[in-house]
Asker: 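Starting off with a structure, shown below.
On a predicted model such as this, the values are computed, not experimentally measured, just so you know. Only this structure's heavy atoms are used, side chains among them; waters, hydrogens and symmetry mates stay out. One-based numbering along the sequence shown.
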Amino acid sequence: MELSYSVNEKTAQPKRHPFFKWLPKIKEHLELIAALFSGVLILFAWATESYFAHSMTVTLYLAAFVIGGFAKAKEGIEETIANKDLNVELLMIIAAIGSAVIGYWMEGAILIFIFALSGALETYTMNKSEKELSSLMKLQPEEAIRIHGDKEEIVPVSALQMGDHIFVKAGERIPADGKITRGRTAIDESAITGESMPVEKQLEDEVFAGTVNLNGSLEVELTKSPNESVFQKIIHLVQSAKSERSPSQLFIERFEGTYVKVVLIGAALMMFLPHYLIGWSWQDTLYRAMIFLVVASPCALVASIMPATLSGISNGARHGILFKGGVHLENLSHIKAIALDKTGTLTNGEPEVTDFYAAENEDKDFILNIAGSMERESTHPLAKAVVQYAQKQTIALSAEVDDMINTAGNGISASISGSNWKIGKAEFIGTEQITDFYNGIHKKLAEQGKTVVFVSRDDQVKALFALKDTVREDAKKAIRTLNNEGIQTVMITGDNETTAKAIAEECGITEYYANCLPEEKVEKLKALQTEYQSVAMTGDGINDAPALATSNLGIAMGEGTDVALETADMVLMKNDLPKIAYSVSLSKKMNRIVKQNVIFSISVIAILLLSNFMQSLNLPLGVVGHEGSTILVILNGLRMLKEA
């Protein structure tokens, strides 16, 4: 029998229940959901203890044990087998079971809940920080047009080899590093250098993968294989920096194994030595061993850090500062120097017209009308700035533009009311008259780090525009505040020496490095780390990602690229640079509170252990002391919710 169906019947998909949309999110945050649910069970069991049978209450606590502790128990067992070493996860589970064995189900369940919650939050943070590479890969072209004599073929970028010739159309991203063999254009290199100003390129100039060919067709000879491009180096640097463990993390891991061994050995010895050495009864010996396990568990130590950290993170978020983990908030107070990118960090990231000069006896509004009308038909970023400037002067931009010609890498020309108008660089206009225009003022403007664009009519210079990526209003205040805090400020930029010097002087920065590609930014940062030990990096672009990942603390601007935001450890959500100084104060306050909590919790544990050994501590009092100290350090940590 022949089967037949309509297109709609063939392609129709069963309608899915809305629950399935949330299923991936639920799986991603399953550990956190389990920890929170175990807390709900504990609260319900405690609130209904007088209404239900004891067996029912125990069942609820047991469910909280299993649901909250499963992930950590599994992790502890797997790590113990893999590393052949004990860990805190196992100790917490054993301590909770020990508490339950002697009848204190609620205390054991609370122990599991606190530890599970802290572990779930840590897992969530780590998973989120791994997403930056997916954003990077979106900027890597997958195909390229390879040229063989007079023939062109579309091939995967991975199939390209050094020496191949490729064709790049206007508006396309360049797929691999190479040099121009035919054509000239302006290239948007912000993905590599972070600079907003397009770079003019001509024969034999070098171009980079991931950058955008703005307005001219190019033939490019590959000087590197695609997997060796600058863009691929960015990805590699981010990967390698993210995989490195901090010294504090390594110290905690070493301390963890030692702590667990000491406590477990102590508990084992407590089970029989006092009977033979001191003459305790077997009942007293086992009772004291169980108390030892409960009071020696690091519940208060865990609570010493997590509530204060979460409160500090919440405080930062309320002030427009996003910390991706407590360790970054902690490390901030140790920063001795901070490196800052220029474009989009110290500056606004877009060129603006800062100066406009019209020739004597010329109507400024008339010139602005002509220039604005011409530039309105161009896609060049500098053209956009000129149009915006003319519109701010309430110019109507009513000139009729005919025969518009875009000369790649130089400027534009058009016919307006029978006159030939040009807007562009000095070489495009003609250098003879430029020297006499306002006594060569263009040289002074260029020394200030500004880009100069000339306007001519019938080969006579009529005006010039000076454009610059302007400094943020709050940048100077931020630099001054950081310097007063004793933190050295350094600017590292991919822009040229002249522009970098001008911006550094305007911001009050005495140390700066110009013309830095992404790998060079990393080299400069490592040199600063050698000199200052702990160095932060602030940036907003893809090119800043390797340096952000390499630094002791990466700080991204909230309006930056996805890669910078994902790679950084801290984000200024409102691009407010002075908030860095507030963050430093917040970090110092949190570290003081954590130190107070740690000393207090260790002191309480020591007193409880000593009292247990002296047989002056019973189990209820031990639980009160242990859980009471936990509550006190949590309340002390909540002080972080107040202003720094």
Asker: I would like to know whether N348 and T470 meet side chain to side chain donor-acceptor pair (under 3.5 Å); could you show each step before the answer?
Answerer: CA-CA 6 Å; N348 290 299; T470 55; 2.9 Å; yes
Asker: Does Q488 have any side chain to side chain contact (heavy atoms under 4.5 Å, CB included) partners at least two apart in sequence or in another chain, and if so, which?
Answerer: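 For Q488, the residues satisfying side chain to side chain contact (heavy atoms under 4.5 Å, CB included) (neighbours in sequence not counted) are A337, V490, T510, E511, Y532.
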Asker: Have E497 and Y512 got a donor and an acceptor in their side chains that come within less than 3.5 Å?
Answerer: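 Short answer, yes.
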Asker: Are any side-chain N or O atoms of N591 and backbone N or O atoms of E330, one a donor and one an acceptor, separated by less than 3.5 Å?
Answerer: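 Answer holds: yes.
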Asker: Check L160 against R146 and note the closest heavy-atom contact, atom names and distance.
Answerer: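 That would be CD2-CD, 4.0 Å.
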Asker: Looking only at heavy atoms, which two atoms of L548 and M537 are closest? And how far apart?
Answerer: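 L548 and M537 have their closest heavy atoms at CD2-O, 3.2 Å.
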Asker: Should we count CZ of F70 as having more than 12 external heavy atoms under 6.0 Å?
Answerer: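 Atom CZ in F70 is not packed in, count stays at 12 or less.
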Asker: Going by an N to O cut-off under 4.0 Å, is there a salt bridge joining E506 and K501?
Answerer: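 Not counted as a salt bridge, because no side-chain N and carboxylate O are separated by less than 4.0 Å.
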Asker: Testing the basics here: between L467 and A385, what is the closest heavy-atom pair and its distance to 0.1 Å?
Answerer: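 Of all heavy-atom pairs spanning L467 and A385, the closest is CD2-CB, 3.5 Å.
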Asker: Dump the intermediate steps for side chain to side chain donor-acceptor pair (under 3.5 Å) on T493 and D341, then the final yes or no.
Answerer: CA-CA 5 Å; T493 177; D341 174 49; 4.6 Å; no
Asker: Quick one about S378 and N406 (side-chain donor to acceptor, distance below 3.5 Å, no hydrogens or angles considered), yes or no?
Answerer: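 No donor-acceptor contact under 3.5 Å links the two side chains.
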Asker: Give me the atom names and distance for the closest heavy-atom approach of V168 to N213.
Answerer: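 Taking every non-hydrogen atom into account, O-ND2, 3.3 Å.
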Asker: Which pair of non-hydrogen atoms, one from M162 and one from L222, has the smallest distance, and what is that distance?
Answerer: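 Smallest heavy-atom distance, with atoms named: CG-O, 3.7 Å.
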Asker: Give every residue pair that meets the salt bridge (charged side-chain N to carboxylate O under 4.0 Å, His left out) criterion with at least one member in residues 211-223, sequence neighbours excluded.
Answerer: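 For residues 211-223, and leaving out neighbouring residues, the salt bridge (charged side-chain N to carboxylate O under 4.0 Å, His left out) pairs sorted by first residue read R182-E219.
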Asker: For F454, does the six-membered ring have the charged nitrogen or CZ of K425 within the cation-pi criterion, i.e. under 6.0 angstrom from the centroid and within 45° of the normal?
Answerer: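 Output no; distance or angle outside limits.
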Asker: If I compare all heavy atoms of A536 with all of L525, which pair ends up nearest, and what's the gap?
Answerer: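 For A536 versus L525, the nearest heavy atoms are O-CD1, 4.4 Å.
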